[in-house]
Amino acid sequence: MSHAIQDRPVAATPRRQPLSHARLPRWTPAAVAAGSIAGGIGIGLAAGWHSKVQWGLIAALLFVLVTFAVTTKVEGRRQAKDRVATSLVWVCFVLAVIPLLSLAWVTISKGMEVLDLYFLTHSMNGVLDAEAGGGVYHALLGTIEQVGIATLIAAPIGLLTAVYLVEYGSGSKLAQAVTFFVDVMTGIPSIVAGLFILATWNLILGFGPSGFAGAMALAILMMPVVVRSTEEMLKLVPNELREASLALGIPKWRTILKVVLPTAIGGITTGVMLAVARITGETAPVLLLVFGTKLINPNPFEGAQSSLPLYVYEQYAVGTDAAVARAWAAALVLIAFVMILNLVARGIARWKAPKTGR
């Protein structure tokens, strides 16, 4: 019996599969990207293409194809699909960033030619458009006043409208009608808002051109953006916070003021700044209602004013080297103005946001 047991064949032990698979080094994406760029340039030159855009598109295509081929060879087809998806995300990101960087580079390089303290502190009074000299102070002052007044009008109205839609009128017919008209207003051209204020404020009521008239048209463009962005931010506030506050006997208006709005203040501020960035570059309402001037007019309620977008349009339309240089410098000032507003608004939002740590 012992011999029978010893003669019994021993079952073969199953071969263990390795827990780790071959992986590409970390520097592989960078190497593939460098090779794809070189290949795109080489193919473009060989084909006689002189456009760098064509070279970039060829390089992007090569990057995706080579990534898929190399990953399939080393890591397998499943991992290759994942890397291709990641590569497509990076390619789309680069394609979106390159125009922005190009715009910033061209604006900075051309705008810095005449941008100095004199340019920021002087107007075009007494300076011909075709001559060198002059500044942008009158346009910068007009933009600050017009955008500030428009924000003071649109931000409270948009915020209170969004509070009503989310906190009080949810599901009602009035809320549905308001939401519909807000969506319609979001897509109206700026010239329509300018014509509306021109017909009512200027022609019917008899007021002349002023910065305030332009600010009202800008406020019309700003309000739907504020309403929609604030509405979405308020919807993201958890209902548990509202219920906990109401359970303590706190009135609803105070819950909204002390709980809901502080929780969503970061997103609300971002939405307001997006609306400000939209109206800051508008030219059509300003051209209709403010008219533009070379003089410094600190009173937005009387007389024509200028603005940075209108100044850029006027100077570029002149066409001389000095005027075009002033247009680029004013465009750079406009971009810096919007950037500073965003930084200040984000700082205030972070300062006022509720603390999450213990």
Q | Partner set under side chain to side chain donor-acceptor pair (under 3.5 Å) for E167, not counting sequence neighbours | A | R242

Q: Grab the two heavy atoms, one from G134 and one from Y118, that are nearest each other, plus how far apart they are.
A: O-CE2, 3.9 Å

With a 3.5 Å cut-off and sequence neighbours excluded, list the donor-acceptor pairs that the side chains of residues 306-315 form with protein atoms.
{"residue": "Y311", "atom": "OH", "partner": "G135", "partner atom": "O", "Å": "3.2"}
{"residue": "Q315", "atom": "OE1", "partner": "R326", "partner atom": "NE", "Å": "3.0"}
{"residue": "Q315", "atom": "OE1", "partner": "R326", "partner atom": "NH2", "Å": "3.0"}

(Q) Has S245 got a side-chain atom pairing as donor or acceptor with L241's backbone, closer than 3.5 angstrom? (A) no

Q. I279 pairs by side-chain contact (heavy atoms from CB on, under 4.5 Å) with which of V225, L218, I220?
A. L218

Q.
Between I108 and M112, is there a side-chain heavy-atom distance shorter than 4.5 Å?
A. yes

**Q.** Heavy-atom side-chain proximity of I144 to F337 below 4.5 angstrom
**A.** yes

Please list every donor-acceptor pair under 3.5 Å in which a side-chain atom of residues 183-198 meets a protein atom from a residue at least two apart or in another chain.
{"residue": "D183", "atom": "OD1", "partner": "R228", "partner atom": "NE", "Å": "3.3"}
{"residue": "T186", "atom": "OG1", "partner": "V182", "partner atom": "O", "Å": "2.8"}
{"residue": "S190", "atom": "OG", "partner": "E282", "partner atom": "OE1", "Å": "2.9"}

Contacts table for residues 44-57: side-chain donor-acceptor under 3.5 angstrom, sequence neighbours left out:
{"residue": "S51", "atom": "OG", "partner": "V53", "partner atom": "N", "Å": "3.3"}
{"residue": "W55", "atom": "NE1", "partner": "W49", "partner atom": "O", "Å": "2.9"}

Q. Under 6.0 Å between ring centres, would you say that holds for W90 and F63?
A. no

(Q) Tell me which pairs pass salt bridge (Lys or Arg N to Asp or Glu O under 4.0 Å) where either residue lies in residues 251-279, with sequence neighbours left out. (A) none

Q: May I ask whether V286 and I335 are part of the same hydrophobic cluster, defined by side-chain heavy atoms of I, L, V, M, F, W, Y residues being less than 4.5 angstrom apart, directly or through others?
A: no

Enumerate donor-acceptor pairs with a distance under 3.5 Å from any side-chain N or O in residues 93-100 to protein atoms, sequence neighbours excluded.
none

